[in-house]
Number of protein chains: 2
Amino acid sequence: MRTLYHPNVHDIQLSTVLYALSDPIRLRIIRNLAECGEQSCSTLDISAPKSTLSHHFKVLRESGVINTRIEGTQRFISIRYTDLEARFPGLLTAILQGLRAEEHSKAKK
Amino acid sequence: MRTLYHPNVHDIQLSTVLYALSDPIRLRIIRNLAECGEQSCSTLDISAPKSTLSHHFKVLRESGVINTRIEGTQRFISIRYTDLEARFPGLLTAILQGLRAEEHSKAKK
DNA sequence: TCATTAATTCGATTATAATCGAACAAACGA
DNA sequence: TCGTTTGTTCGATTATAATCGAATTAATGA
């Protein structure tokens, strides 16, 4: 568990990114990261067993959506915003905006 | 099979749309529709058994990505561009652009 | 009415993914 | 070195989805 795999920017695949972001829990993770910036895995406000969260972090990381930085016993995760923007311009912005739009329409009900 | 279910614009869910578009075959369908406009199911240039394609059309339709218009024994499908743009501005554009970008980087290899 | 065309649905199989407890690993501080 | 913290990996289970042949439906035209 010394190094964690992160795909090269140019190897990030659209279908893989879309798949990674099609899960509600993973979308919550991303929304949280977008709002609060880099987070330790444990400070993310999402209730699920550790092993489940770890699984989702892995899916996000291996798809190229997030970066995991190791610091001591902690891992700090953040969105690979620049890389994603370079590879698929406008995609992440639209998705984050979509998340907010969805939240608003839900609140109105 | 008189009427086919299409979600209302405001009921279109981001995670569902992303999921629908995370499959390579479905992305090909969308790319084809974006390039060629409305198509009959049978004129789409994608080689897979009819029942498999029908399944993918259903996923795309029920997620709100495409519209299916019945005309005689044929069904004409098209992207719900206006609806998607209204619900998630910039999303589809970014995805279509991403598909083209991916194609170019593939060609370079 | 009967064959044809175009596509859906059924049903079975296979593949892939989510979930989560338990065991494990790595870094750190006392 | 030993416990603590933080997170990963394993492994089993369950859930969801993809695939596709065969049967079915629905519209149409001869």
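Just so we're on the same page: letters track the sequence lines, and every chain starts at 1.
Applying a 4.0 Å cut-off to non-hydrogen atoms, the residues of residues 47-57 of chain B that approach DNA chain C are B:Lys50, B:Ser51, B:Ser54, listed by residue number. For residues 38-46 of chain B, proximity to DNA chain C is found at B:Ser40, B:Cys41, B:Ser42, defined as any non-hydrogen atom under 4.0 angstrom from a strand atom. A heavy-atom distance below 4.0 Å to DNA chain D is reached by none of the residues of residues 23-36 of chain A.
Scanning for side-chain hydrogen bond (donor to acceptor under 3.5 Å, both in side chains) contacts around A:Arg61 gives an empty result, with sequence neighbours left out. Not counting sequence neighbours, the partners of A:Gln97 by the side-chain contact (heavy atoms from CB on, under 4.5 Å) test are A:Arg100, B:Pro89. Applying the side-chain hydrogen bond (donor to acceptor under 3.5 Å, both in side chains) criterion to A:Thr93, with sequence neighbours excluded, gives A:Tyr81. The side-chain hydrogen bond (donor to acceptor under 3.5 Å, both in side chains) search around B:Asp23 returns none, not counting sequence neighbours. Remark: B:Ala94 pairs with A:Leu91 by the side-chain contact (heavy atoms from CB on, under 4.5 Å) rule, at least two apart or across chains.
Counting to the nearest Å, the C1' atom of C:dT5 and the CD1 atom of B:Ile70 are 15 Å from each other. Atom NZ of B:Lys58 is separated from atom C1' of D:dT16 by 14 Å (rounded to the nearest Å). For A:Arg75 and C:dA26, the CZ to P distance is 10 Å, given to the nearest whole Å. Note: CZ (B:Arg69) to P (D:dA27) measures 16 Å, nearest angstrom. Between A:Glu71 atom CD and D:dG7 atom C1' there is a gap of 14 Å when expressed in whole angstrom units. Atom CG in B:Leu21 sits roughly 16 Å away from atom C1' in D:dA17 (whole-Å rounding). Counting to the nearest Å, the P atom of D:dT16 and the CD atom of B:Glu62 are 15 Å from each other. Per the geometry, CZ belonging to A:Phe76 stands 15 Å off P belonging to C:dA27, to the nearest Å.
With hydrogens and angles ignored, the 3.5 Å screen pairs no side-chain donor or acceptor of B:His6 with any backbone N or O of B:Asn67.
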Identify every side-chain donor-acceptor pair in residues 38-46 of chain B under 3.5 Å, counting partners at least two apart or on other chains, and give the distances.
residue : atom : partner : partner atom : Å
B:Glu38 : OE1  : B:Arg69 : NH2          : 2.8
B:Glu38 : OE2  : B:Arg69 : NE           : 2.9
B:Glu38 : OE2  : B:Arg69 : NH2          : 3.3
B:Gln39 : OE1  : B:Thr43 : OG1          : 3.0
B:Ser40 : OG   : B:Ser42 : N            : 3.2
B:Ser40 : OG   : B:Ser42 : OG           : 3.0
B:Ser40 : OG   : B:Gln74 : OE1          : 3.3
B:Thr43 : OG1  : B:Ser40 : N            : 3.3
B:Thr43 : OG1  : B:Ser40 : O            : 3.0

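Sorted by first then second residue, the side chain to side chain donor-acceptor pair (under 3.5 Å) pairs that include residues 49-58 of chain A, not counting sequence neighbours, are A:Arg26-A:His56.
The closest side-chain heavy-atom distance from B:Leu60 to B:Ile79 is not below 4.5 Å.
Residue B:Leu96 is grouped with residue B:Leu84 when hydrophobic side chains (ILVMFWY) are merged at heavy-atom distances under 4.5 angstrom, including chains of intermediate members.
Residue B:Tyr19 has a polar side-chain atom (N or O) positioned under 4.0 Å from OP1 or OP2 of D:dA18. Using a 4.0 Å cut-off, no side-chain N or O of B:Tyr5 falls inside it from OP1 or OP2 of C:dT8.
Residue B:Ile66 comes nearest to B:Phe57 through the heavy atom pair CD1-O, 3.7 Å, listed as atom of the first residue, atom of the second, then distance.
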